Amino acid sequence: MSVAAAQPDTAPPAGSTAAVGGTAARARRRGSTPGRLPWYASLPALVIAALFTLGPLAVVIAFSFMTRPASGGGVVYEFSTDAYRSFLFTKNFVGDLVFNPTYLKVFWTSLEQATITTLVCLVLSFPLALWIATRPPRLQTLLMLAVTIPFWTNLLVRTYAWILVLAKDGVVNRLSTALGLGPLELLYTPMAGQLGLIYTFLPFMVLPIYSSLAGFDFRLAEAAYDLGARKATVVRRIIWPLARPGVVSGVLLVFIPALGSYVQPVLLGGGKVLLIGNLIAAQFGDSRNWPFGAALSVIILVLLALALLGVRWWSKRTGTTVSLSL
Amino acid sequence: MRRPPRALDLRSFPGVGPVAVATLVFLYAPILITTIYAFNGGQQALVWDGFSTRWFGYVLTNTAMVTTAITSLKLAAVATAASVVLALAFVLAADGLRRTGSGLANALLSAPLVIPEVVLAVATLGFIRMIGLQPGFTALVLAHTTFCIPFAMMPIRSRLQGLGQEVFEAGADLGARAPAMLRRITLPLLVPGIVSGALLAFVVSMDDFIISAFLSSAGSTTLPVYLFSLIRRGPSPAINVVAVLLLVLAVLITTVTYLAPGKKRSA
Amino acid sequence: MVEAPVVSERRSPEVVARENGLTITAATKTFATPEGTEVHALDHVDLQIRDGEFFVMLGPSGCGKTTLLRSIAGLETLDSGEIYLGRDRIDDRPAHARPVNTVFQSYALFPHLTVAQNIAFGLQMDKLPAAQVAERVAQMLTLVRLDGLGGRRPAQLSGGQQQRVALARALAKQPRVLLLDEPLAALDLKLRRGMQDELRRLQRTTGITFVFVTHDQEEALSLGDRIAVFSDGRPAQVGTPEEVYERPVNRFVADFIGDTTFLTVPVRTDGDAQVVQVAGGPAVRLTAPAPVAADGTTTLAVRPERLVLDGSAPPIATGTLAELVYMGTDLRIRVALADGTSLAVRVSPPFEGLALRPGATVTVGAAPEHLRPLAVEQA
């Protein structure tokens with residue numbers, strides 16, 4: 001895009017004229033980009049987003065520095081860092097603060113599960129996306145339809161489907177009993193929760209990787225073969241770099257929701273493993289420690305913000321465009 | 001045309017095909033099993049007792065199911081309409097923002113995509129309370145509209161970018177003022193993007209559980225919130241049927257988007 | 001000239017232009033590059049386009065011709081300068097309020113409307129009654145020879161047909177000026193020739209002023225009543241095709257239009273004439289005044305087809321035939337002169353009697369008026 005601005009003979013992209021103060025102001029006053037709305041038409045969306053995205057974030061940060069009321073939910077407007085302190089420390093019976101790794105472990109387990117989910121999704125999605133991208137065009141459309149249907153199917157439905165597979169009298173246990181292996185304890189285990197995460201987020205990885213690979217001119221691969229490359233080399237040197245933007249957005253699209261997952265660990269894992277998502281939800285529900293829940297939210301947001309900054313830095317350094325669109 | 005030997009077929013990579021097919025099976029096996037069990041006539045979800053559609057009748061006449069489904073549909077319809085209008089106005093006006101401003105604006109609108117849902121849910125609950133609102137339909141509409149905007153925006157924006165500037169210049173050149181331009185050129189040309197955006201927003205709203213769980217009240221329970229409470233009690237024939245109905249909705253919407261004329265999936 | 005027209009109606013072309021044509025004064029536009037430097041897309045352009053003429057703006061990409069066209073259309077805003085149509089100033093009006101219409105390079109047909117609806121669009125914007133719109137649409141379809149295709153969608157038409165729709169759509173509003181932005185660039189050579197004839201015919205029958213942007217010099221020569229050759233944001237020369245081809249004012253124009261050899265040679269004055277010698281050849285008396293650079297040289301432009309090898313014109317230099325290419329319609333020859341200069345010569349048929357072989361010594365001749373002195377560059 002920005003190259004066009006250097007060529008005065010072609011129409012410059014609207015943004016670039018903004019640099020020439022007077023003209024841009026004149027042009028904008030007159031609404032010089034035909035077919036577009038004046039800039040202030042963008043305000044309603046921004047106001048709504050500012051209110052219901054920034055507002056809640058501000059509130060959550062504020063709450064994390066407040067005091068828990070003696071009983072029940074809500075907060076008392078009194079500054080306190082107790083919420084953060086109780087993330088790492090607990091008061092022992094004599095009232096001293098001692099290090100308590102319980103919540104750190106919760107974070108660690110969540111990170112572990114999200115990482116495993118992301119990796120397994122990647123390992124399954126890359127071949128699938130590559131395979132689809134190398135089919136004839138009509139079949140490609142059909143296969144992408146097949147991948148998109150689960151993506152648009154309700155999360156609870158997809159999670160529930162695994163209950164039918166894993167339950168005590170479910171499909172897998174019928175098979176194992178028939179084979180004489182006896183019934184297995186499958187549902188309501190950490191494994192089941194992990195499986196549910198992988199299953200539900202798989203399409204989030206396939207779609208962006210396919211987008212990167214779709215329309216790839218496989219004559220490029222042909223040229224590489226012609227130059228003496230082996231198949232593994234072609235995948236590594238040509239196809240993988242091509243898929244990389246899709247892989248990065250797929251990783252983000254899987255990792256972020258997996259880190260904060262709530263539904264799968266509860267419905268399939270039986271809530272036996274405590275994860276950040278459940279821990280936060282619980283603070284605003286049953287045990288009702290809002291400031292602590294808010295502090296946990298802030299911690300996870302900071303972690304994600306750091307991760308996103310890392311990705312941004314990487315994308316700038318390597319010149320890879322990363323977008324979070326599907 | 002003779003097929004070249006596999007090793008020479010430039011489009012095939014060893015091991016890729018089997019993994020791909022296995023992954024597709026992995027994607028569809030649970031869904032298929034659910035679909036089959038929805039036609040189970042028995043009292044228990046997983047004990048097959050002959051083919052029957054009686055549970056469909058049960059679900060479609062069950063008050064709680066129907067009420068929560070209607071709440072969800074109403075909520076999705078309102079949130080979709082609102083988010084599409086807001087996203088459309090934003091996309092059409094974003095060019096007028098200065099470059100840094102438009103970067104910030106996009107980041108703001110896309111934020112719901114990168115904030116874990118649980119966090120957004122509890123934060124919105126806190127915020128709603130703070131501004132003196134109670135959980136309920138209004139709170140749901142506001143929250144759903146907000147997180148639907150980025151989804152509604154993506155296809156509209158990619159459609160607009162795909163159109164290029166010249167058709168709009170041609171409109172102005174032929175004498176169209178802003179209102180005529182919007183009505184006769186911009187909106188008709190954006191229809192495919194608007195339809196895709198609306199469908200995406202609708203599905204995202206219908207799909208939402210966590211945020212709705214925190215923001216719904218007794219009178220405004222959505223279908224996913226109700227469904228979650230049912231699933232927690234273990235599988236049942238009724239849930240099988242609801243699952244299949246939601247699956248059918250997904251199939252319908254996906255097929256519509258893929259068959260829509262001039263459909264080019266945004267990259 | 002037997003009978004002079006009535007004196008009162010006799011006005012200079014400039015006055016007519018100012019009253020009915022398009023006048024551009026001191027048009028300036030600057031773009032900022034992403035690197036922060038500024039590029040003059042238009043650099044104080046003054047131009048008079050006469051009413052009813054076929055005016056071509058020619059130049060390489062980035063020379064400002066398209067920016068000027070878009071500024072006339074109202075799709076681009078000038079930083080400073082004015083544009084008048086007749087006596088009315090139009091540069092401060094929005095695009096939709098200017099009595100000019102554009103044929104876009106990509107045609108920019110509305111894909112959701114039929115051919116007839118596309119043509120009707122501008123008329124409907126003017127709130128013309130439906131019956132009148134229908135009548136005009138039918139007329140336009142006939143004018144561009146697309147009768148019977150009014151119900152089609154643009155996507156169902158060939159490139160050439162889409163081009164005609166774009167023309168019909170722009171002409172339907174009977175604009176005072178029709179602006180055409182490289183409209184033939186997307187067509188293949190044969191179609192392009194056909195459309196050039198078509199455009200000439202349309203311009204004659206409608207009498208509308210055409211302003212046509214192109215980077216193709218042949219197209220410019222064959223279409224234009226007058227041509228403005230653009231370079232670096234301003235017209236380097238404005239004139240009839242013959243003027244810009246035969247009497248280019250500077251090296252850029254000579255180089256951009258047609259093939260040219262440039263000869264930089266010392267000049268001396270002999271009485272009231274300037275005399276030059278090419279590569280130690282015979283003295284040639286120039287027929288046009290030659291600007292002399294500080295080092296006492298002048299630069300001459302010579303067209304290959306004006307040079308002869310058969311002695312039918314006075315000799316200017318002798319050299320070795322270095323290269324000979326048979327092109328069917330002519331022979332392209334490169335002659336290496338004694339001082340190392342290379343001269344391009346084009347020889348027309350019949351070739352049969354010519355004993356031309358690489359390595360042969362040949363004498364190059366030319367009429368003195370075909371050695372065109374160029375303005376001294378201020379490089």
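Not measured: the values here are computed from a predicted model. In what follows, chains are A, B, ... by sequence order, proteins preceding strands, each numbered from 1.
The distance from atom CZ of A:Phe52 to atom CD1 of B:Ile211, rounded to the nearest 0.5 Å, is 12.0 Å. For the atom pair CG of B:Leu86 and CG of A:Leu43, the computed distance is 11.0 Å after rounding to the nearest 0.5 Å. Rounding to the nearest 0.5 Å places CH2 of A:Trp39 at 13.5 Å from OG of B:Ser102. Put simply, CZ on A:Arg158 and OG1 on B:Thr34 are 12.0 Å apart, with the number rounded to the nearest 0.5 Å. Atom CD1 of B:Ile33 and atom CD1 of A:Ile163 lie 13.0 Å apart (nearest 0.5 Å). Summarising the geometry, atom CG belonging to B:Leu247 is positioned 10.5 Å from atom CG belonging to A:Asn154; distances are rounded to the nearest 0.5 Å.
No other option in A:Phe126, A:Tyr210, A:Phe63, A:Tyr199 has as many heavy-atom pairs under 4.5 Å with chain B as A:Tyr199. When each of A:Ile280, A:Val60, A:Val165, A:Leu156 is checked for heavy-atom pairs under 4.5 Å with chain B, A:Leu156 comes out on top. Among B:Ile149, B:Leu142, B:Ile253, B:Ile185, the residue with the largest count of heavy-atom pairs under 4.5 Å with chain A is B:Leu142. Chain B forms the most heavy-atom pairs under 4.5 Å with one residue out of A:Gly271, A:Ala167, A:Ala50, A:Gly246, and that residue is A:Ala50. Between chain A and the options B:Val248, B:Thr23, B:Asp207, B:Val251, the largest number of non-hydrogen pairs under 4.5 Å is found for B:Asp207. Looking only at heavy-atom pairs under 4.5 Å with chain A, the residue among B:Ala178, B:Ser236, B:Ser83 that has the most is B:Ser236. Among the candidates A:Ile239, A:Val157, A:Val147, the residue making the largest number of heavy-atom pairs closer than 4.5 Å to chain B is A:Val157. The greatest number of non-hydrogen atom pairs below 4.5 Å with chain A, out of B:Val85, B:Leu199, B:Val244, B:Val204, is found for B:Leu199. Highest contact tally toward chain A, considering only B:Val19, B:Thr186, B:Val122, B:Thr145, is held by B:Val122 [criterion: heavy-atom pairs under 4.5 Å]. The most heavy-atom pairs under 4.5 Å with chain B, out of A:Ile149, A:Val75, A:Thr153, come from A:Ile149. Interface summary for chain A: among B:Leu246, B:Thr35, B:Ile231, the most heavy-atom pairs under 4.5 angstrom belong to B:Ile231.
The contact between B:Ile210 and chain A is made entirely by side chain atoms (from C-beta outward), counting heavy-atom distances below 4.5 Å. For B:Leu27, the parts sitting under 4.5 Å from any heavy atom of chain A are the backbone and the side chain alike. Neither the backbone nor the side chain of B:Asp173 comes within contact range of chain A; no heavy atom of the residue lies under 4.5 Å from a heavy atom of that chain. For B:Leu249, no part lies under 4.5 angstrom from a heavy atom of chain A. Heavy-atom distances place the side chain of B:Val203, and not its backbone, under 4.5 Å from chain A. Only the side chain of A:Val266 comes within less than 4.5 Å of a heavy atom in chain B; its backbone stays farther off. Only the side chain of B:Phe214 has a heavy atom closer than 4.5 Å to any heavy atom of chain A. Contacts between B:Met130 and chain A at a heavy-atom distance below 4.5 Å involve the side chain alone, from C-beta outward. No part of A:Leu187 comes within reach of chain B, as not one of its non-hydrogen atoms sits under 4.5 angstrom from that chain. Heavy atoms closer than 4.5 Å to chain A are found in both the backbone and the side chain of B:Thr124. In this structure, no portion of B:Leu223 lies under 4.5 Å from any heavy atom of chain A. Only the side chain of A:Leu267 comes within contact range of chain B, with heavy atoms under 4.5 Å apart. When heavy atoms are compared at a cutoff of 4.5 Å, A:Leu51 approaches chain B by way of both its backbone and its side chain. Contacts of B:Val21 with chain A are made by side-chain atoms alone, with heavy-atom separations under 4.5 Å and no backbone atom involved. Residue contact with chain A, scored on non-hydrogen atoms closer than 4.5 Å, involves the side chain of B:Leu182 exclusively. Interface residue A:Pro44: backbone and side-chain heavy atoms are both found under 4.5 Å from chain B. Only the side chain of A:Leu202 comes within contact range of chain B, with heavy atoms under 4.5 Å apart. Proximity to chain B is absent for every atom of A:Ala305, based on heavy atoms less than 4.5 angstrom apart. Looking at B:Ala105, the atoms closer than 4.5 Å to chain A (heavy atoms on both sides) sit in the backbone and in the side chain alike. Both the backbone and the side chain of A:Ile48 come within contact range of chain B, judged by heavy atoms closer than 4.5 Å. Using a 4.5 Å cut-off between heavy atoms, A:Leu155 contacts chain B through both its backbone and its side chain.
By the 30° and 60° cut-offs, the orientation of the rings of B:Phe26 relative to A:Trp162 is tilted.
The side chain to side chain contact (heavy atoms under 4.5 Å, CB included) test with B:Val114 is passed by exactly one of A:Ile256, A:Leu252, A:Leu253, A:Leu304: A:Ile256.
Minimum interatomic distance between A:Pro127 and B:Val16 (heavy atoms only, all atoms of both residues): O-CG1, 3.3 Å. Between A:Thr53 and B:Ile115, the shortest heavy-atom distance links the atoms CG2-CD1, 4.1 Å. What you find for A:Ser42 and B:Ala93 is that their closest heavy atoms are N-CB, 3.5 Å. Here the closest heavy-atom approach between residue B:Ile31 and residue A:Ala161 is recorded as N-CB, 4.3 Å. Scanning all heavy atoms of the two residues, the minimum distance from A:Leu164 to B:Pro235 falls at CD2-CB, 3.9 Å. Closest of all the heavy-atom pairs between B:Leu108 and A:Leu46 is CD2-O, 3.9 Å.
Not a single ring pair (Phe, Tyr, Trp, His ring centres under 6.0 Å) links B:Tyr37 to another residue, sequence neighbours left out. For B:Phe209, the ring pair (Phe, Tyr, Trp, His ring centres under 6.0 Å) partners two or more places apart in sequence, or in a different chain, are B:Phe228.
Here the side chains of A:Arg36 and B:Leu160 are in contact, with some heavy-atom distance below 4.5 Å. Considering only heavy atoms from C-beta on, A:Ile300 comes within 4.5 Å of B:Pro116 through its side chain. Here the side chains of A:Tyr160 and B:Leu227 are not in contact, with every heavy-atom distance at 4.5 Å or above.
Around atom CZ of A:Arg174, more than 12 heavy atoms belonging to other residues, nucleotides or ligands sit under 6.0 Å away.
Between the side chain of B:Gln165 and the backbone N or O of A:Pro34, at least one donor-acceptor pair lies under 3.5 Å.
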